[in-house]
Amino acid sequence: MADTGATEFPPTPPPHSPVTRAERFVWLTARVLEQRRFAHHFRGASADPVETALDAYRNVDGGYGHALEPDLRGPVSQPLHTAHALRVLDAVGRCAGQRVEHMCRHLTSVSTADGALPAIHPSQRDYPTAPFVPVVDDPPSDLLATGPVVGLLNRNEVWHAWLFRATDFCWRAVESLEKSHPYEIEAAVTFLDSAPDRPRAEAAAHRLGRLVHEHRLAALDPDRLEAYPVSPGYAPGEHHFPYDYARTPSSLARAWFTDDEMARSLDHLAAQQQEDGGWPVRWRHWAPAPALEARPLVTIEALRVLSAYGRAVH
């Protein structure tokens, strides 16, 4: 071949897929539990190792601790840890059996007088805790803690006596909301998405959707975030988007947003994957370990949301 004087370069390889990039990030940074979860959700691995890894966080009282929810350090069982464990089990199709029966017994033992859950049990006081999570001696019932637990148990058709009063509390709390904040609304959606009384759930969700729009609790235009207020106590820039409320197309919250609003929020989510393959933690960073442990969690959740909406991630 004649020398043309031009420099020859190899063809540019195609970019790695979001899952491939995230996989490297998970192997570099994640706890064993998140490594096992990633392998199950995106590489076809069995759910058995996920259950085994989750057992490391389980206590003899049937609850979960040991910083399963990274912002609560220490070994003691907490409702937020138990809710986290239920999300893991639900996602891998293992939310049943004696494990869940023991969890319900524990939930009964830590319930408030009206049968619901506090956000934080006072036993957390002796261990490091995020400064935005108050620990008080006589904590009230909390929709943020109770709604997701009741919703996931109903979704998996778990029967337990504790659910009756806890469900009543959730209905009262959801139907009386006049003002709220994104995490509480998300908890309400998890409850409503699996509540057995579907007409009542649809009516409650419709009212919550109006509240979300009236108080601008969802950033509908990611290019104009300054137009949407951040809730008091949240980190600067801790906005919530349509996909935070409607994590799957079947969620009741999906009806709150137009197709264009949902598509823009998903575009924004996909674009948030960082150079190292992980997604950022949007809430307040208060110590190195919780922030490090939370990023694989939000990375797996981002990929699962994108996949649920048919976005190519592999």
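Put simply, the side chain of Val230 does not reach to within 4.5 Å of the side chain of His181, judged on heavy atoms. At least one side-chain heavy atom of Tyr309 sits less than 4.5 Å from a side-chain heavy atom of Met262. A 4.5 Å side-chain heavy-atom check between Pro182 and Ser231 finds at least one atom pair inside the cut-off. Val100 places none of its side-chain heavy atoms less than 4.5 Å from the side chain of His160. Here the side chains of Pro139 and Pro122 are in contact, with some heavy-atom distance below 4.5 Å. Contact annotation: the side chain of Phe169 never approaches that of Leu117 to less than 4.5 Å [non-hydrogen atoms, C-beta and beyond]. Within the 4.5 Å cutoff, side-chain heavy atoms of Val150 are placed close to those of Leu163. With a 4.5 Å cut-off on side-chain heavy atoms, Thr190 and Val149 do not count as touching.
Between Tyr245 and Leu217, the shortest heavy-atom contact is OH-O, 2.7 Å. Contact between Pro118 and Ala145 at its shortest, heavy atoms only, is O-CB, 3.5 Å. The heavy-atom pair separating Ala85 from Met103 by the smallest distance is CB-CE, 4.1 Å.
Side-chain atoms of His121 come within 3.5 Å of backbone atoms of Ser123 as a donor-acceptor pair (strictly under, hydrogens ignored). The main-chain N or O of Val158 is never found under 3.5 Å from a side-chain atom of Asn156 such that the two would form a donor-acceptor pair. Ser176 places a side-chain N or O within donor-acceptor distance of the main-chain N or O of Ala173, the cut-off being under 3.5 Å. A donor-acceptor pair under 3.5 Å is absent between the side-chain atoms of Gln124 and the main chain of Pro134, judged by distance alone.
With rounding to the nearest 0.5 angstrom, the CD atom of Glu186 is 11.5 Å from the CG atom of Leu143. Here the CH2 atom belonging to Trp283 is positioned 8.0 Å from the CZ atom belonging to Phe132, to the nearest 0.5 angstrom. Atoms CD and CZ, on Glu202 and Arg207 in that order, are 15.5 Å from each other to the nearest 0.5 Å. One distance of note links CD1 of Ile185 with CG of Leu208; it measures 5.0 Å at 0.5 Å rounding. The distance from atom CD of Gln35 to atom CG of Leu28, rounded to the nearest 0.5 Å, is 10.0 Å. To the nearest 0.5 Å, atoms CD (Glu261) and CG (Leu266) are separated by 12.0 Å.
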Residue pair Asn59, His66: steps toward the side-chain hydrogen bond (donor to acceptor under 3.5 Å, both in side chains) verdict: CA-CA 9 Å; Asn59 287 322; His66 308 279; 2.8 Å; yes
Test log, rule side-chain contact (heavy atoms from CB on, under 4.5 Å), inputs Arg24 and His16: CA-CA 11 Å; Arg24 175 175 172 78; His16 290 304; over 6 Å; no
Worked verdict on His239 versus Tyr234 for side-chain hydrogen bond (donor to acceptor under 3.5 Å, both in side chains): CA-CA 9 Å; His239 295 94; Tyr234 284 27; over 6 Å; no
side-chain contact (heavy atoms from CB on, under 4.5 Å) between Thr82 and Ser77, worked out: CA-CA 8 Å; Thr82 302; Ser77 297; 5.6 Å; no
Full working for side-chain contact (heavy atoms from CB on, under 4.5 Å) between His84 and Tyr64: CA-CA 9 Å; His84 190 129; Tyr64 287 75; over 6 Å; no
Trace of the side-chain hydrogen bond (donor to acceptor under 3.5 Å, both in side chains) decision for Ser251 with Thr248: CA-CA 6 Å; Ser251 172; Thr248 68; 5.4 Å; no
Full working for side-chain contact (heavy atoms from CB on, under 4.5 Å) between Thr129 and Trp286: CA-CA 9 Å; Thr129 307; Trp286 62 280; 5.7 Å; no
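A salt bridge does not link Arg36 to Asp48: none of the charged side-chain nitrogens sits closer than 4.0 Å to a carboxylate oxygen. Using a 4.0 Å cut-off between a side-chain N of Lys or Arg and a carboxylate O of Asp or Glu, Arg200 and Glu175 qualify as a salt bridge. Salt-bridge annotation for Asp193 and Arg254: absent, with no side-chain N of the basic residue lying under 4.0 Å from a carboxylate O of the acidic one. Ion pairing between Arg125 and Asp137 holds under the 4.0 Å rule for side-chain N and carboxylate O. A salt bridge is defined here as a Lys NZ or Arg NE, NH1 or NH2 lying under 4.0 Å from an Asp or Glu carboxylate O, and Arg264 with Asp223 fails to meet this definition. Remark: Arg284 does not engage Glu238 in a salt bridge, criterion side-chain N to carboxylate O under 4.0 Å. Between Arg165 and Asp114 there is no salt bridge, since no side-chain nitrogen of the basic residue lies less than 4.0 Å from a carboxylate oxygen of the acidic one. A salt bridge is absent between Lys179 and Glu184; no separation between the charged side-chain nitrogens and carboxylate oxygens falls under 4.0 Å.
More than 12 heavy atoms of other residues, nucleotides or ligands lie within 6.0 Å of CD in Glu214, so this atom counts as buried by the packing criterion. Atom NE2 of His206 has 12 or fewer neighbouring heavy atoms from other residues, nucleotides or ligands inside a 6.0 Å radius. Asp260 CG: more than 12 foreign heavy atoms inside a 6.0 Å radius. In this structure, Glu157 places its CD atom where only 12 or fewer heavy-atom neighbours from other residues, nucleotides or ligands lie under 6.0 Å away. Around the CZ atom of Arg198, the shell of radius 6.0 Å holds more than 12 heavy atoms that belong to other residues, nucleotides or ligands. Within 6.0 Å of the CZ atom in Arg311, the count of heavy atoms belonging to other residues, nucleotides or ligands exceeds 12.
The hydrophobic cluster containing Val135 also contains Leu72, counting ILVMFWY residues as joined when their side-chain heavy atoms lie under 4.5 angstrom apart, directly or transitively. Placement of Leu225 and Val281 within a single hydrophobic cluster is found when ILVMFWY residues are connected by side-chain heavy-atom separations under 4.5 Å, directly or transitively.
The six-membered or imidazole ring of Phe257 lies near that of His213, with a centre-to-centre distance under 6.0 Å. Between Trp171 and Phe191, the distance from one ring center to the other falls under 6.0 angstrom.
Note: His268 and Phe241 have tilted aromatic rings, judged against thresholds of 30 and 60 degrees for the angle between ring planes. Ring-plane geometry between Tyr183 and His240 is classed as perpendicular, the angle between the planes exceeding 60 degrees on a 0 to 90 degree scale with a lower cut at 30.
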Could you pull out all donor-acceptor pairs under 3.5 Å where a side-chain atom in residues 296-305 meets a protein atom, sequence neighbours excluded?
{"from": "Thr299", "atom 1": "OG1", "to": "Trp279", "atom 2": "N", "distance (Å)": "2.9"}
{"from": "Thr299", "atom 1": "OG1", "to": "Arg295", "atom 2": "O", "distance (Å)": "2.8"}
{"from": "Glu301", "atom 1": "OE2", "to": "Arg247", "atom 2": "NE", "distance (Å)": "3.1"}

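Between Glu51 and the options Arg37, Arg99, Arg58, a salt bridge (Lys or Arg N to Asp or Glu O under 4.0 Å) holds for only Arg99.
Neither side chain, Thr108 nor Ser111, offers a donor N or O lying under 3.5 Å from an acceptor on the other.
Other cluster members for Trp159: Phe164, joined by side-chain heavy-atom distances under 4.5 Å among Ile, Leu, Val, Met, Phe, Trp and Tyr. Here Tyr127 sits in one hydrophobic cluster together with Val76; the rule is ILVMFWY side chains under 4.5 Å apart, joined directly or through other members.
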